[in-house]
Amino acid sequence: MAGAFSYESSELDWCEDNYRHSEHVVEYFNTISSFFFFIISPIMLYLMHPYAKERNLAIHMVWTMMIFVGLFSAYFHMTLSFVGQMLDELSILWVLAMGYAVWFPRRLFPSFIKDRSTFSNLVLVVTIISTLSSFVKPTANAYALNCFGLHMLYVLAVEMRCCTDQKALRLGKLSVALWVLAITCWISDRFGCSFWQRLNFCYLHGIWHILIVIAVAYGSTLIAYLDANYEIPYSLPGLQYWPCDKWAVGLPHIVLKGTTKTQKRC
């Protein structure tokens with residue numbers, strides 16, 4: 001058990017040179033870049049509070065868990081320990097599970113599921129099974145997580161087919177572009193390391209950290225916006241950007257322009 005906490009006990013080793021900048025940090029840039037989760041997540045918690053308060057406060061768990069993703073990612077890259085790897089990957093799995101539970105469209109539920117509570121329980125069971133099975137072959141976990149990400153991207157594409165809001169369509173294009181750019185960095189770092197080492201540029205996994213947390217902010221806001229139109233249409237949800245909506249860049253969030261209710265169906 002003690003060996004699982006030891007430095008470099010994980011089978012994974014990313015392209016960045018180990019111990020290049022510190023004898024106590026294995027992958028320095030990958031560790032530092034993980035702290036972008038600590039910057040973006042609290043801001044998104046604050047920006048999405050009016051929507052979460054009206055829709056379901058459980059939505060806050062998505063960005064709360066993202067803080068833990070950043071914490072465990074930093075720990076993993078600092079040590080490259082087996083425990084760090086599992087904490088990093090399992091925190092991502094549970095973020096995805098929370099996203100499925102609170103945002104998966106009701107019209108796409110399996111026919112035997114009639115309400116979101118039942119669907120959330122099903123997601124919980126699948127997530128627990130996935131958590132336990134992740135210890136069988138840990139090197140495959142990252143690929144499985146990316147498959148879940150692809151499925152969520154597919155669901156988003158299905159939902160966007162009926163959308164005519166130009167601001168939402170633009171946000172969708174930006175979300176996909178950021179995700180493609182992020183996954184390209186991840187794949188390039190994983191499978192093209194020798195090429196990047198020749199260029200003395202071994203920081204693509206750290207760039208992936210930065211891009212993916214922004215992509216999640218964009219994508220989750222878009223999903224939440226579509227969800228709000230279905231579940232709380234009376235609140236007249238709209239999209240804005242922080243810190244200045246006129247820039248059409250920054251962090252997107254939902255504004256509720258209509259009346260709100262204290263009783264609602266979740």
Pairs satisfying salt bridge (charged side-chain N to carboxylate O under 4.0 Å, His left out), at least one member in residues 155-165, at least two apart:
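Sorted pair list: Arg107-Glu159.
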
Just to verify, which of Glu27, Glu16, His209 counts as forming a side chain to side chain donor-acceptor pair (under 3.5 Å) with Ser33?
His209

Taking distance alone, no hydrogens or angles, what donor-acceptor pairs closer than 3.5 Å link side-chain atoms of residues 145-155 to residues at least two apart or in another chain?
unit_1 : atom_1 : unit_2 : atom_2 : d
Asn146 : ND2    : Ala142 : O      : 3.2
His151 : ND1    : Tyr100 : OH     : 2.7

Any chance OH of Tyr7 has more than 12 other-residue heavy atoms, nucleotides or ligands included, within less than 6.0 Å?
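Yes - once you tally the heavy atoms of other residues, nucleotides and ligands closer than 6.0 Å, there are more than 12.
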
So with a 6.0 Å cut-off around CZ of Phe29, is the heavy-atom count from everything else above 12?
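Yes.
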
Tell me every residue that passes side chain to side chain contact (heavy atoms under 4.5 Å, CB included) with [X], counting only those two or more places apart in sequence or in another chain.
{"X": "Thr127", "answer": "Leu93, Trp94, Ala97, Val123, Thr131"}
{"X": "Phe82", "answer": "Ala4, Ser9, Gln85, Met86, Phe135, Pro138"}
{"X": "Met98", "answer": "Met61, Val62, Val102"}
{"X": "Pro110", "answer": "Phe112, Ile113, Phe119"}

Please check: side-chain N/O of [X] versus main-chain N/O of [Y], any donor-acceptor pairing under 3.5 Å?
{"X": "Asn56", "Y": "Ile59", "answer": "no"}
{"X": "Arg116", "Y": "Ala101", "answer": "yes"}
{"X": "Ser235", "Y": "Leu256", "answer": "no"}
{"X": "Tyr75", "Y": "Asp88", "answer": "no"}
{"X": "Asn141", "Y": "Ser134", "answer": "yes"}

Which residues satisfy the ring pair (Phe, Tyr, Trp, His ring centres under 6.0 Å) test with Phe38, sequence neighbours excluded?
Phe35

Write down the atom of Leu222, the atom of Gly172, and the distance for their closest heavy-atom approach.
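For Leu222 and Gly172, the tightest heavy-atom pair comes out as CD2-CA, 3.3 Å.
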
Grab the two heavy atoms, one from Thr31 and one from Ala74, that are nearest each other, plus how far apart they are.
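Closest pair (atom of Thr31, atom of Ala74, distance): CG2-O, 3.6 Å.
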
Can you hop from Ile128 to Val126 via hydrophobic side chains spaced under 4.5 Å?
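Linked, Ile128 and Val126 end up in one cluster.
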
Pair listing, disulfide (SG to SG under 2.5 Å) test, anchored in residues 4-99, at least two apart:
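Found Cys15-Cys193.
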
Which atom pairs, donor and acceptor, lie under 3.5 Å between side-chain atoms of residues 197-204 and protein residues at least two apart or in another chain?
none

Hydrophobic side-chain clustering at under 4.5 Å (ILVMFWY, transitive links): who's grouped with Val125? Put none if nobody.
Ile129

Examine His253 together with Trp242 and report whether their ring centres are nearer than 6.0 Å.
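Judged by ring-centre distance (under 6.0 Å), His253 and Trp242 do not meet the cut-off.
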
Those residues that, when tested against Arg20, pass salt bridge (charged side-chain N to carboxylate O under 4.0 Å, His left out) (two or more places apart)
Asp17

Could you pull out every donor-acceptor pair under 3.5 Å between side chains of residues 177-188 and any protein atom, sequence neighbours left out?
unit_1 : atom_1 : unit_2 : atom_2 : d
Thr184 : OG1    : Val180 : O      : 2.6
Ser188 : OG     : Thr184 : O      : 2.8

